Chemist: 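The structure under discussion is supplied below as structure tokens; questions concerning it will follow.
Because the structure is predicted, anything quoted here is derived from the model rather than measured.
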Amino acid sequence: MAAELTAHQLIAKHRPTLDQALETIRTRAYWSPHPEHPKAYGENGSLSLPEGKAAFDALQGTRFDLDQPGTDDWVGGEVSPYGPELGITYPHPDIDTLLPAMRAGMRAWRDAGAEVRAMVCLEILSRISARTHEFAHAVMHTSGQAFMMAFQAGGPHAQDRGLEAVAYAYVEQSRTPDAAEWTKPQGKRDPIALNKRFTPVARGISLMIGCNTFPTWNGYPGLFASLATGNPVLVKPHPRAVLPLALTVRIAREVLADAGFDPNLVCLAVERPDEGIAKTLAVRPEIKLIDYTGSTSFGDWLEANARQAQVYTEKAGVNTVVVESTDNYKGMLANLAFSLSLYSGQMCTTPQNLLIPRDGIRTDAGAKSYDDVVADLAASVNGLLGDDARANGILGALVNPDVKSRLEAAAGLGEVALPSREIANPEFPDAVVRTPVIVKLDGAKPDAEAAYLSECFGPVSFAVAVDSATDAVELLRRTVRDKGAMTVGAYTTSEEISAAVEETCLEECAQLSLNLTGGVYVNQTAAFSDFHGSGGNPAANAALCDGAFVANRFRVVEIRKDA
């Protein structure tokens, strides 16, 4: 296959970006090569906002052909959470044909070496970045995110996470030199001399099982970590969120072909309704790596049954915030209100339980009772979402009927401090848009415990009254240990309580945010600097991104010869 992009060209174009990424994961400073503002696109080959919308519109009602082997049917059925049917059909795979075809290009991909693989991955990300506006609409109309969030989280932030995975993959593969001359002295005899070569060798085909809510942001780390370490990647999207990952696969295949590699190193597997193709694929002997984001039940099934594969899971957790005291009461309320409202709480990092001492808290605005704190937080959410246009931009749409059902059922679990209300979206009348509900629960009552110790994914939060700050810390510990947490937050001016929360999070392996009152929120993480999850509690067995996330995707094979 003739290469339109040579290794030299790719290295000249992308090596500076990789070097900056390597430096940034070392320093944990802020950096991103992908602009966050929509107006930054439209020049140098990138699509402007109108061009991206036109490209998205042109995909609707079409057959999304990838020219990959083993296509035996065309399937689809995506319906936007905002109402419209996308009408796109995708190739359905004959697995027995597709999987062998994916392995055919592994040798050339292995022999290219870690640097070239990284450069090809960066070219893929570069071409994705140029089409960020198209991806934004694809993410918006499959996940229900509002446009600006779909643009940022589904575009530059997802691309950052992909690049971060490539950087970690390069670090781990280059830790061992390509070759070494080994000489062992033998006293009066001649020394023993060996020439040794060390080659990173892929594990096999990697299965990336996509999620509905963040198909690119959650999907790119595993996809690029596997590809950069030499593994072919089979992308199995969520049936309601195929398009963003189908676009990704199409671009990856184009870049691989342009660089002289087999495009079948990246393929798509879309399932028929209720087919459950992920279960079938997960236990195939060809599948050696699995990346999964979704429910605890299926994540547990994968970990128990896909024994031939290295499985990386991000599952459900119960995210908790301890509210003990604050020196910025207004800022705390505003920060929490936004955290609870963003994308209708449909984030694995959204706080669910707010642990508040029943005797109240100390603030710069005076003492506040438990009832005061809950009422003031409800008022803050109402203030944030009082304008319907603004509310639509923050909330987006409910991604599926299950979220709506949980939201409605939550109101019957306790005293409702903030009822959810329906908001009309004039542009998309069929969108289901709801504000968050806040329910007051007594942490000492067993029936309340059953509610707040179960994940209630969506715009549902529980204000849990506890006997003391010490009890809050102990409940936090039990929650993380038994149920897991992707995020933990705390508000306190007490050095003692702060130290207790920090020690709890260190011991139970949970990521902690303390006293956030500005423009950074507990449910947001920055690539290259923040770790998403820890891999050390039941919510996830891996962190995005660290060395452990990539190091076991390849093995080093040594060949040694007499010098």
Chemist: Is any NZ, NE, NH1 or NH2 atom of the basic residue among R284 and D96 found under 4.0 Å from an Asp or Glu carboxylate oxygen of the other?
Modeler: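 Here R284 pairs with D96 in a salt bridge, since their nearest N and O are under 4.0 Å apart.
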Chemist: In this structure, are over 12 heavy atoms from other groups packed under 6.0 Å from R28 atom CZ?
Modeler: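 For R28, atom CZ is crowded (more than 12 foreign heavy atoms under 6.0 Å).
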Chemist: Could you point out which residue of R477, R478, K483 forms a salt bridge (Lys or Arg N to Asp or Glu O under 4.0 Å) with E508?
Modeler: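 So the option named by the test is R477.
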Chemist: Atom CZ of residue position R406 - does it have more than 12 heavy atoms of other residues, nucleotides or ligands inside 6.0 Å?
Modeler: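 Correct, the count exceeds 12.
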Chemist: Could you tell me if the ring centre of F462 sits under 6.0 Å from that of Y452?
Modeler: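 No, the ring centres sit 6.0 Å or more apart.
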Chemist: Mind checking ring pair (Phe, Tyr, Trp, His ring centres under 6.0 Å) for Y521 and listing every partner two or more places apart, or none if nothing turns up?
Modeler: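 Residues passing ring pair (Phe, Tyr, Trp, His ring centres under 6.0 Å) with Y521: F338.
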Chemist: Does the plane of the ring in F549 sit parallel, tilted or perpendicular to the ring in Y312? Use 30° and 60° as the thresholds.
Modeler: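 F549 and Y312: perpendicular rings.
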Chemist: On the 0 to 90° scale, with breaks at 30° and 60°, tag the W31-F528 ring pair as parallel, tilted or perpendicular.
Modeler: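 Rings of W31 and F528: tilted, as their planes differ by 30° to 60°.
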Chemist: Once side chain to side chain donor-acceptor pair (under 3.5 Å) is applied, do any residues pair with T525, and if so which ones, sequence neighbours excluded?
Modeler: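 For T525, the residues satisfying side chain to side chain donor-acceptor pair (under 3.5 Å) (neighbours in sequence not counted) are R161.
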Chemist: Among residues two or more places apart or on two chains, list those pairs meeting salt bridge (Lys or Arg N to Asp or Glu O under 4.0 Å) that have a residue in residues 204-231.
Modeler: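 Passing the test, one end in residues 204-231: no pairs.
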Chemist: Taking only distance into account, with no hydrogens and no angle test, what donor-acceptor pairs under 3.5 Å do side-chain atoms of residues 198-206 form with protein atoms, sequence neighbours excluded?
Modeler:
from	atom 1	to	atom 2	distance (Å)
R203	NH1	N552	O	2.7
R203	NH1	N552	OD1	3.1
S206	OG	S226	OG	2.8

Chemist: Applying side-chain contact (heavy atoms from CB on, under 4.5 Å), name anything that partners S297, two or more places apart in sequence or on another chain.
Modeler: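 S297: side-chain contact (heavy atoms from CB on, under 4.5 Å) contacts with S295.
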Chemist: Do the side chain of Y82 and the main chain of G144 share a donor and acceptor less than 3.5 angstrom apart?
Modeler: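 Yes, the answer is positive, given that a donor and an acceptor are paired below the 3.5 Å cut-off.
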Chemist: Could you list the residues that satisfy side-chain contact (heavy atoms from CB on, under 4.5 Å) with P538, not counting sequence neighbours?
Modeler: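 P538 satisfies side-chain contact (heavy atoms from CB on, under 4.5 Å) with no other residue.
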Chemist: Which heavy atom of A165 sits nearest a heavy atom of P221, and at what distance?
Modeler: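 Looks like CB-O, 3.4 Å.
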